[in-house]
Structure formats: structure tokens, C-alpha cells
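Note that the structure is predicted; figures quoted are calculated from it, not measured.
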Amino acid sequence: MNPCLHCGACCASLRVDFAAHELQSRGGTVPDGLAVEVNGNTCRMRGTDHVPVRCAALCGSVGVQTHCGIYEWRPAPCHEFEAGSPACARARLRHGLAPLPD
Ligand code: SF4
Ligand code: SF4
């Protein structure tokens with residue numbers, strides 16, 4: 001079972017900025033309504049600079065059951081984020097979750 005489906009900590013810990021050309025309106029896949037513009041070249045997943053952090057696309061309860069509501073259309077930083085990485089462990093720690101086992 002994919003451990004991320006019981007986690008979601010990274011989606012509720014990190015600011016998620018991505019290239020504006022990843023927006024649907026610019027020929028990409030990310031729904032515009034789930035993003036905010038940072039500048040002409042950069043967008044941010046809505047909610048990822050709020051306190052507490054929570055990406056607007058995240059569904060479910062962190063640490064219990066979660067999934068990305070735009071999994072197939074999520075931006076590059078989300079594709080690149082690695083489960084089991086040090087950043088993953090830090091995000092999990094913020095939510096009181098132990099690091100993934102090796
Ligand atoms: S913090 Fe790690 S385990 Fe949790 S959802 Fe993100 S990548 Fe998956
Ligand atoms: S777009 Fe999906 S994978 Fe990326 S931060 Fe938001 S909920 Fe997480």
C-alpha cells in the first residue's frame with residue numbers, strides 16, 4: 001500500500017511553487033482555480049502559504065487517509081517529491097508521524 005495514502009504531510013507542510021506554464025490556461029494540467037499567481041512566471045498551489053499549510057487540492061485527513069484531488073494533473077514539484085526522503089521525514093515529523101521505514 002502506498003504510504004502517502006495514509007499521510008499527506010508534505011501537502012500540509014510545504015509551499016508548493018511551480019512554473020506558470022503548468023497551469024491549464026497556459027497549456028499545462030494544473031487547474032487555475034487551485035493556484036495563485038506569485039509573479040508572471042511562477043504560481044503557487046492555493047493554501048500552501050497559509051497558516052496552517054494545506055494545499056487546496058489535498059483531500060482527507062493528514063495522517064489518517066489522504067489523496068491528491070488532482071493527482072494526474074499535479075505540478076512538477078509534487079511529481080519530484082520523494083517518499084522516504086529527508087524532506088518527507090521532516091514533513092511527517094511536523095505532523096507527529098514517524099519517518100517511513102527504510
Ligand atoms: S510526507 Fe512523505 S509519506 Fe507523506 S505524503 Fe508526502 S511523500 Fe508521502
Ligand atoms: S497538488 Fe496534490 S500532491 Fe501537490 S501539494 Fe497539492 S495535494 Fe499535494
Side-chain angles (χ1 to χ4, degrees):
M1 169 65 87
N2 181 344
C4 299
L5 295 175
H6 296 288
C7 181
C10 53
C11 312
S13 300
L14 303 169
R15 207 171 62 190
V16 179
D17 287 359
F18 59 95
H21 65 70
E22 291 199 76
L23 285 176
Q24 269 178 359
S25 62
R26 305 252 200 127
T29 60
V30 181
D32 290 52
L34 289 174
V36 291
E37 187 173 325
V38 177
N39 59 45
N41 298 320
T42 306
C43 289
R44 182 168 293 159
M45 287 308 297
R46 190 179 292 281
T48 64
D49 58 2
H50 292 181
V51 180
V53 176
R54 185 179 167 109
C55 178
L58 182 65
C59 303
S61 299
V62 173
V64 181
Q65 193 166 38
T66 54
H67 68 274
C68 174
I70 57 163
Y71 188 75
E72 293 165 47
W73 303 287
R74 69 200 191 286
C78 307
H79 282 275
E80 289 158 11
F81 197 85
E82 284 183 40
S85 65
C88 164
R90 284 195 296 275
R92 287 177 60 88
L93 193 62
R94 278 191 204 112
H95 289 272
L97 302 166
L100 293 180
D102 287 332

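Environment of CD in Q24: crowded, with over 12 heavy atoms of neighbouring residues, nucleotides or ligands closer than 6.0 Å.
The nearest pair of heavy atoms linking V38 to C43 is CG2-C, 3.9 Å. Nearest heavy atoms, F18 versus V30: CZ-CG1, 3.9 Å. When all heavy atoms of G8 and V62 are compared, the pair lying nearest together is O-CG2, 4.1 Å. Of all non-hydrogen atoms in T66 and S61, the two that sit nearest each other are CG2-O, 3.2 Å. Taking each heavy atom of A56 and L34 in turn, the nearest pair found is CB-CD2, 3.8 Å.
Listed by chain and residue number, N41, T42 satisfy the side-chain contact (heavy atoms from CB on, under 4.5 Å) test with N39 (two or more places apart in sequence, or in another chain). For S25, the side chain to side chain donor-acceptor pair (under 3.5 Å) test picks out D32, with sequence neighbours left out. The side chain to side chain donor-acceptor pair (under 3.5 Å) search around S13 returns H95, not counting sequence neighbours.
Among residue pairs with one or both ends in residues 90-102, none qualify as salt bridge (charged side-chain N to carboxylate O under 4.0 Å, His left out); sequence neighbours excluded. Listed by first and then second residue, the salt bridge (charged side-chain N to carboxylate O under 4.0 Å, His left out) pairs involving residues 49-61 are R44-D49 (not counting sequence neighbours).
Note on L23: it clusters hydrophobically with M45, by side-chain heavy-atom contacts below 4.5 Å among ILVMFWY residues.
P31 is listed as a side-chain neighbour of I70, based on a closest heavy-atom distance under 4.5 Å. Proximity of L5 to H67: side-chain heavy atoms (C-beta onward) are separated by under 4.5 Å at one or more points. Counting only heavy atoms from C-beta outward, the side chains of P75 and V16 approach each other to under 4.5 Å.
Between atom CG of residue L14 and atom SG of residue C55 there is a gap of 10.5 Å, rounded to the nearest 0.5 Å.
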Report, one line per pair, each donor and acceptor closer than 3.5 Å where one atom sits in a side chain of residues 76-88; sequence neighbours left out.
from, atom 1, to, atom 2, distance (Å)
H79, NE2, R74, O, 3.2
S85, OG, E82, O, 2.7
S85, OG, C88, N, 3.2

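Checked by atom type and distance alone, the side chain of H21 never pairs as donor or acceptor with a backbone atom of R26 at under 3.5 Å. Remark: side-chain polar atoms of T48 are not paired, donor with acceptor, to backbone N or O of R15 under 3.5 angstrom. Remark: side-chain polar atoms of R46 are paired, donor with acceptor, to backbone N or O of A35 under 3.5 angstrom.
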